[in-house]
Amino acid sequence: MVSIQNNLEKIKYDQFKLEEEIKKFWDENKIYYKVKKKSMRSKKKFYFLDGPPYASAKSIHVGTAWNKVIKDTVLRYYRMCGYNVWDIPGYDTHGLPIEVQIEKAYGIKSKKEIIEKIGVENFVESCKRFVDENIKAMTEQFKEIGVFMDWENPYVTYRDEYIESGWWLIKQAWRKGLLYKGERVVHWCPRCETTLADYEVSEYKELKDPSIYVKFKVKNSQNEYLLIWTTTPWTLPANAFVMAHPDLDYVKVKVDGEILILAKARLEKVMSEAGKTEYEVLEEFKGTQLEGLEYIHPLEDIVPAQAKLAPYHKVVLAPDAVTATEGTGLVHSAPGHGEIDYEINEKNVGAPLISLVDNTGKMTEDAGRYHGMYFRTDANKAVIEDLEKKGALFHKGSIIHRYPVCWRCKTPLVLRATEQWFIAVRRLKERLIEEARSIEWRPNWATIRFINLLKELRDWVISRQRFWGIPLPVWECSSCGYRHVIGSVDELVELGGHKPEQLHRPWIDRVTLKCPKCGGVMKRVPDVLDVWFDSGIAFYASLSYPRNKELYESLKPVDFIVEGHDQIRGWFFSLLRSGIIGFDEKPYKRVLVHGFALDEEGKEMHKTLGNYIEFEELISRVPRDVIRLWAMNNTIWEDLRFSWKSMDMVWRSFNIIWNVFTFASTYMSIDNFDPEQTKLEDVEEALQFEDKWLLSRFNRLLKEYHEAMKDLRLHQAARIVKDFPVEDISHWYIRLIRRRVWEEEATKSKLAAYAVLYHVLKGWLLMAAPFIPYTTEYLYQKLIRPAEPSLPETIHLLEIPEPDDKWIDDEVEQLMDIARKLTEASAAARMKAGIKLRRPVKKLIIALKDNSLRNTIERAAQIVKDLANVKEIEIVGIDFFENMKVYGVEPNYKTMGPEFKKMLRKVIAYVEENKEKVAKDIVEHGEHKAEIEGTVIKILPKHVELKVEYPNWLSTVETDIGIIGIDTRLTKDEILEGYAREIVRRIQAMRKDLSLPVDAYIEVWLEADPEFIEAIEKHRNYIMTETRARNLRLDKPPEEVYQKEWEVDGKRLLIGIKKI
RNA sequence: GGGCCCGUAGCUCAGCCUGGUAGAGCGCCCGGCUGAUAACCGGGCGGUCGGGGGUUCGAAUCCCCCCGGGCCCA
């Protein structure tokens, strides 16, 4: 016969050691692959797509760990529900951030140096090595926190197959006419020498810039000037026109003999800033009157580019570009250096697009004397000097404002017109919105946020002028300009190219094709793709589509993705975008959005802020499962505030859970309980009230757990997992079954308790396994599997049980609630009267408010009797206490509100004033009539709460079911019984001192005062059974036995015990 | 400047969707229990539910404005 073995009692609880042991067990026995193999046999597919973390560092962020734990929990849950779970992890590996780190490692600063000093080949190989090292380190950390994913087969975005899948999408875009090359004002990093997409312009710094007021002379006027304001003097050489607001009021002002034109609303501010106190308003008019007014640019003669721009020098109306809150109400416009300028120019002006800044931030030849100067420094200075010389500078100051900087290298960005490759996603807007709406978002507000940003969609700049990325698969004929987009390596070969060593630059750049139109040489456009392109195609590229079509077609669509809310704009969007471009359908069905990991103050956790918690530190201070359960407890879509303290609290729960299992292990093994022999069905007849209660609780919570998991309210499931063993099993059930478990013989009742406890603990382990895989595995190996050797070698191969409705019993649970309340109330009543729990009390009187509860309460009586240590329970009506003095009532808003409505305040005031009268009437007649401001109202018992006072021998406590009281008058019998319990408790303490096994027998010697002797004689049997004493002598203990002298109620008591 | 989320006891948070006299755990103080005890039970202290306004007989909960924090965008 196999039975429960006592494996836990001997082990000192050490969560760290436990996890180490299990980690070793998983590794040595290849547990993950066994779990995966079993999962793969299932027909029910669950396609999960891992949002690839960016492999730019060796250590993961706490938030990344949380993210993976969420994923792991869901994957484990679905595996344990019998699904075939696709669980390939991914790594995002291309892009500027990695290039920047490699540049730093080489100690270089520019693209030129990469090409000339390092060589692109070396550079790209270095990027790859760097990424590989990071992937290795990150993978170890993910494994460390117990994530079961296919770590040996991750998808990595830099691999050739992945790149090829990327080309396929570009080809689709091209086929659909969505790919185009165009000119656009973009944010440009002059250090990285590449453009940045809108969403990459994410960092701003407080920078000091010049703030200058410049006079543009009105053409054909004597001394009239348009006054403009700018913080970017370097853009003035590229000025094309001036913008004004049609509805603003403008003025002509005479200052120092000159006439300036500016907005009326700005006049005072500008004049005071320039230190002008004397000025005169000559004229006032609407902005519309300025339209078409021509001017002469002050630098026209020294900037060659101005020759092309001069014909456009006039005022243009642009309500969106001009405000009355800053500047002068007249805005200088350089279409080559401003987004809105560009748009207005396209729409209303049509000046040539001229950008006077080159790739490295220096002014071009067309800028004349500014040629070669860096835009924000030398060029600014020189322009201001020239303006001053020419008398065009009205005022010069400086300003500190937020200015966009490169998110990687922090260099201030420049806006400049460049040629870039685009995908016309704006044309897909309707489809995107339509598909987005049919995606299931958790929580719901994510939909709103997602749709909001789709509405502001702009075309996607996909090209970057860098090295480490998916090469843009566009070949262009150097003689006739003919273009072709390549969709795969095969196609490249077919068209006369060859398969390069790898698909990255520079190898791919060496592949040339023959132009089918003119026979010339076709070369690849040197750009690479935006990194966001990479992860956005993961839903098919991670499966090597289209090379392997079947796999994606059998798995699609993705069933589930989960990332932080920053990814709404990021990955969730880029996936959908690629889905629509490539397949015209949404690639995923369900999305869960989680929060951000913040520091203890609720601030962003960042290395540069000094509040960063290293993963290594975290994992060395707190056990993995504790971290997991703590993190999963947090409301999933809200931010996770880091807290060592709250992790300690969760840790405490683990301790209690350990104690619960030790308890089970200890007693079940003493009694050789065999769960395979004695199943729940076998003990149904013997089930006690508390057993039925626990089974009901367990099944109810199991049901809620499954509902929460399926609905992605993961935190609610986590809370059930954490609280059930603590609140229901430890705090309550075990307390109730202790007496049954201590019985000597294998009674049916005891077996029933074991069967129930075993059933519930095993069920809980399965529910908890997705959340705390280490701990549950450990307890499974120590307790469950030895008793049921036919079970699989790991808990993670089992399935989570479904709830059994037959056990869910509302009445039993309600009844237990009542019993719990009564026990609490009786403890409170004892406290009031100062009677220890060890002293039995003769009678507990329960005065019920609602007499129909009488029967149910009688059923709960035994539990209350035991826990409250009372001899007898008497259930009576609320009117029981004849001599109780009713002194008042308290209004019940919930019932009075709907009835008295607007009168409520007055009725309450009345009741407060007439408490005693109202109470007396309610008790004696069941109602109280009152006249309030002419209206007669009836106050009924349901409207008020009675407040009462009791005789002093009665200690009472009010509860929502009624009033309970205990008779505090102790008789001799009860005093003696109390003594007996005092003695038992002391003998138990001494057993413990000797660390006697729970089932050891002892001999006892007692020397005591006569009153104790009487108690001992009367309760001899009780004392002996409780303490497992074979012998009890009223005698002085012999020298050699363990003995101790006690004092109880001021009386002496000498006890000696000896193991038999 | 805009969109979305969060703000409840000293700390960590639940309650808010579906309005009805403010909850848990931890901490602190007092008492009890003791065969899972670095556990457990009872009581106490502790809250302008971020602030203001509105709807309602009644608002932590619904609506509007403001403040603080977070993410995303300008």
Side-chain angles (χ1 to χ4, degrees), chain A residues 8-9 13 198-199 201-202 204 323 325 339 404 443-453 455-456 564-570 573 593 595-596 598 600-604 630 633-635 637-639 641 643 645-650 652-653 655-667 715-716 719 723 726-727 730-732 734-735 738 741-742 823-832 834-838 867 869 890-908 945 957 984-989 991-992 996-1000 1026-1028:
Chain A
L8 296 177
E9 205 190 9
Y13 171 59
D198 293 337
Y199 48 77
V201 183
S202 54
Y204 292 80
T323 70
T325 52
E339 287 174 281
N444 287 329
W445 53 256
T447 323
I448 302 168
R449 202 160 142 178
F450 195 73
I451 304 277
N452 278 345
L453 66 91
K455 285 179 184 158
E456 290 166 29
H565 49 225
D566 54 333
Q567 298 303 332
I568 293 177
R569 165 42 58 119
F573 170 59
V593 177
F596 253 67
L598 306 176
E600 303 200 51
E601 256 85 64
K603 299 245 152 82
E604 183 191 7
W630 164 75
N633 243 297
N634 186 76
T635 305
W637 39 77
E638 284 177 15
D639 293 344
R641 195 188 271 215
S643 161
K645 226 168 130 189
S646 59
M647 273 186 266
D648 282 345
M649 281 181 222
V650 175
R652 240 184 102 241
S653 299
N655 208 337
I656 297 171
I657 291 165
W658 176 269
N659 282 335
V660 167
F661 276 85
T662 309
F663 176 88
S665 163
T666 307
Y667 286 99
H715 50 288
Q716 289 177 356
R719 286 169 196 164
D723 295 338
V726 176
E727 304 290 338
S730 173
H731 290 186
W732 197 241
I734 288 187
R735 207 170 137 199
R738 270 159 112 149
V741 163
W742 293 341
T823 314
E824 279 167 18
S826 115
R830 274 175 176 279
M831 171 95 182
K832 257 188 178 170
I835 303 171
K836 290 179 178 184
L837 186 57
R838 237 177 284 153
L867 290 170
N869 195 16
E890 285 224 56
N892 182 343
Y893 288 76
K894 196 169 177 174
T895 51
M896 282 174 120
E899 204 160 317
F900 301 120
K901 303 222 158 117
K902 298 216 180 204
M903 292 267 300
L904 186 66
R905 295 269 166 233
K906 279 167 194 145
V907 175
I908 285 165
E945 197 99 30
V957 169
V984 167
R985 174 175 122 51
R986 283 166 177 81
I987 296 172
Q988 303 290 32
R991 284 183 66 114
K992 195 132 210 204
L996 294 186
V998 173
D999 52 351
E1026 284 293 304
T1027 61
R1028 291 176 87 87

Participant: Partner of B:rA36 by Watson-Crick or G-U wobble geometry, both contacts under 3.5 Å, or none?
Facilitator: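 Result: none.
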Participant: For A:Tyr667, which contact category applies under a 4.0 Å heavy-atom criterion: base, sugar-phosphate, or nothing?
Facilitator: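 Sugar-phosphate: the residue A:Tyr667, judged by heavy atoms under 4.0 Å, touches backbone atoms but no base.
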Participant: The side chain of A:Arg735 lies closest to which of these nucleotides: B:rG42, B:rU12, B:rC40?
Facilitator: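 Closest nucleotide among those given: B:rC40.
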Participant: Angle class for the A:His565/A:Trp445 ring planes (parallel below 30°, perpendicular above 60°, tilted otherwise)?
Facilitator: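 The rings of A:His565 and A:Trp445 sit tilted, inter-plane angle from 30° to 60°.
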Participant: Give A:Leu996 one of three labels, base, sugar-phosphate or nothing, depending on what nucleic acid heavy atoms sit under 4.0 Å from its own.
Facilitator: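 Contact class for A:Leu996: none.
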Participant: Please work out if A:Glu1026 contacts a base, only the sugar-phosphate, or nothing of the nucleic acid, heavy-atom cut-off 4.0 Å.
Facilitator: base
Participant: Suppose we call a contact any N or O donor and acceptor under 3.5 Å apart; does that hold for the side chain of A:Arg569 and the base of B:rC71?
Facilitator: no
Participant: Atom CH2 of A:Trp445 to atom P of B:rC72: distance rounded to whole Å?
Facilitator: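 It works out to 12 Å between those atoms.
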Participant: If the C1' atom of B:rG46 is compared with that of B:rC30, how far apart are they to the nearest Å?
Facilitator: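 Looking at atom C1' only, B:rG46 and B:rC30 are 15 Å apart.
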Participant: Which base, if any, makes a Watson-Crick or G-U wobble pair with B:rC4, both distances under 3.5 Å?
Facilitator: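 Base partner found: B:rG70.
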Participant: Does A:Trp658 reach a base, just sugar-phosphate, or nothing at all? Heavy atoms under 4.0 Å.
Facilitator: nothing
Participant: Which of these nucleotides, B:rC40, B:rG70, B:rA14, is closest to any side-chain atom of A:Glu638?
Facilitator: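 For A:Glu638, the side-chain atoms sit closest to B:rA14.
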Participant: Give one of base, sugar-phosphate or nothing for A:Arg738, where a contact means two heavy atoms less than 4.0 Å apart.
Facilitator: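 It contacts base atoms.
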Participant: Given B:rG3, is OP1 or OP2 found less than 4.0 Å from the side-chain N or O atoms of A:Arg449?
Facilitator: no
Participant: For A:Phe663 and A:Val741: C-alpha separation, side-chain torsions, deciding distance, then whether side-chain contact (heavy atoms from CB on, under 4.5 Å) applies.
Facilitator: CA-CA 10 Å; A:Phe663 176 88; A:Val741 163; 4.3 Å; yes
Participant: Please give the distance between the P atoms of B:rC62 and B:rG70 as a whole number of Å.
Facilitator: 24 Å
Participant: Between B:rC4, B:rU12, B:rU34, spot the one nearest the side chain of A:Asn452, thanks.
Facilitator: B:rC4
Participant: By nearest atom, which of the nucleotides B:rA36, B:rC40, B:rU12 is closest to the A:His731 side chain?
Facilitator: B:rC40
Participant: Rounding to the closest angstrom, what is the interatomic distance between B:rA9 and B:rG15 at atom P?
Facilitator: 15 Å
Participant: Which whole-number value in Å describes the distance from A:Asn633 CG to B:rA14 P?
Facilitator: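 The answer, rounded to whole Å, is 10 Å.
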Participant: For A:His565 and B:rC5, what is the distance between atoms NE2 and P respectively, to the nearest whole Å?
Facilitator: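 Roughly 12 Å, once rounded to whole Å.
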Participant: For A:Arg652 and B:rA39, what is the distance between atoms CZ and P respectively, to the nearest whole Å?
Facilitator: 6 Å
Participant: Does either side chain, that of A:Thr635 or that of A:Arg719, offer a donor lying less than 3.5 Å from an acceptor on the other one?
Facilitator: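 Yes, because at least one side-chain N or O of A:Thr635 sits under 3.5 Å from a partner of the opposite role on A:Arg719.
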Participant: Flag the pair A:Trp658 / A:Leu8 as yes when at least one side-chain heavy-atom distance between them is below 4.5 Å, and no otherwise.
Facilitator: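 Sidechains of A:Leu8 and A:Trp658: in contact.
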Participant: Considering only atom C1', compute the distance from B:rC49 to B:rA24 and round it to an integer number of Å.
Facilitator: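 Between the two C1' atoms, the distance is 15 Å.
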Participant: Stepwise, does the side-chain contact (heavy atoms from CB on, under 4.5 Å) test hold for A:Trp732 with A:Thr823?
Facilitator: CA-CA 11 Å; A:Trp732 197 241; A:Thr823 314; 4.2 Å; yes
Participant: From the list B:rA36, B:rG3, B:rC40, which nucleotide is the closest neighbour of the side chain of A:Val660?
Facilitator: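 Taking heavy atoms from C-beta onward, the closest nucleotide is B:rA36.
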Participant: Between A:Val726 and A:Ile657, which heavy-atom pair has the shortest distance, and what is it?
Facilitator: CG2-CG1, 4.4 Å
Participant: What is the distance, rounded to the nearest whole Å, between atom NZ of A:Lys992 and atom C1' of B:rC33?
Facilitator: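 A:Lys992 atom NZ is separated from B:rC33 atom C1' by 13 Å.
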Participant: Looking only at side-chain atoms of A:Glu456, point me to the closest of B:rC40, B:rC73, B:rA14.
Facilitator: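 Taking heavy atoms from C-beta onward, the closest nucleotide is B:rC73.
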Participant: Which part of the nucleic acid does A:Ser730 contact within heavy-atom distance under 4.0 Å: base, sugar-phosphate only, or nothing?
Facilitator: base
Participant: Mind checking the P distance from B:rC67 to B:rC40? Whole angstroms is fine.
Facilitator: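 Pairwise P distance, B:rC67 against B:rC40, rounds to 45 Å.
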Participant: Quick one: look up who B:rG42 pairs with, Watson-Crick or G-U, both distances under 3.5 Å, and put none if it's unpaired.
Facilitator: B:rC30
Participant: Can you identify which nucleotide, out of B:rC13, B:rA36, B:rC73, has its nearest atom closest to the A:Thr635 side chain?
Facilitator: B:rC13
Participant: A:Arg991 vs A:Gln988, test: side-chain contact (heavy atoms from CB on, under 4.5 Å). Steps then yes/no.
Facilitator: CA-CA 5 Å; A:Arg991 284 183 66 114; A:Gln988 303 290 32; 3.4 Å; yes
Participant: Closest nucleotide of RNA chain B for A:Thr662 versus for A:Asp639: which of these residues is on the 5' side?
Facilitator: A:Thr662
Participant: To the nearest Å, how far apart are A:Phe661 CZ and B:rU37 C1'?
Facilitator: 19 Å
Participant: Nearest whole angstrom, please: distance from the P of B:rG70 to the CZ of A:Phe596.
Facilitator: 11 Å
Participant: What closest approach, in Å, do A:Trp630 and A:Ser643 show between heavy atoms, and which atom pair accounts for it?
Facilitator: CZ2-N, 3.9 Å
Participant: Could you state the atom-to-atom distance from NZ of A:Lys645 to P of B:rG10 in whole Å?
Facilitator: 12 Å
Participant: Using the P atom as the reference point in each nucleotide, state the distance between B:rC72 and B:rG10 in Å, no decimals.
Facilitator: 32 Å
Participant: Base, sugar-phosphate, or nothing for A:Ile568, non-hydrogen atoms under 4.0 angstrom?
Facilitator: nothing
Participant: What nucleic acid atoms does A:Arg719 come within less than 4.0 Å of, heavy atoms only: base, sugar-phosphate, or nothing?
Facilitator: sugar-phosphate
Participant: For B:rG25 versus B:rA39, give the span between their P atoms, rounded off to a whole number of Å.
Facilitator: 15 Å
Participant: If you pin A:Gly570 and A:Trp637 to their nearest nucleotides in RNA chain B, which one's is more 5'?
Facilitator: A:Trp637
Participant: Once you apply the 3.5 Å cut-off to both distances, tell me the Watson-Crick or G-U wobble partner of B:rG25, or none.
Facilitator: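 For B:rG25, the partner nucleotide comes out as B:rC11, under the 3.5 Å rule.
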Participant: For B:rC45 and B:rC28, measure between their C1' atoms and round to the nearest Å.
Facilitator: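 Comparing C1' positions in B:rC45 and B:rC28 gives a spacing of 8 Å.
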Participant: OP1 or OP2 of B:rU12 sitting under 4.0 Å from any side-chain N/O of A:Arg641?
Facilitator: yes
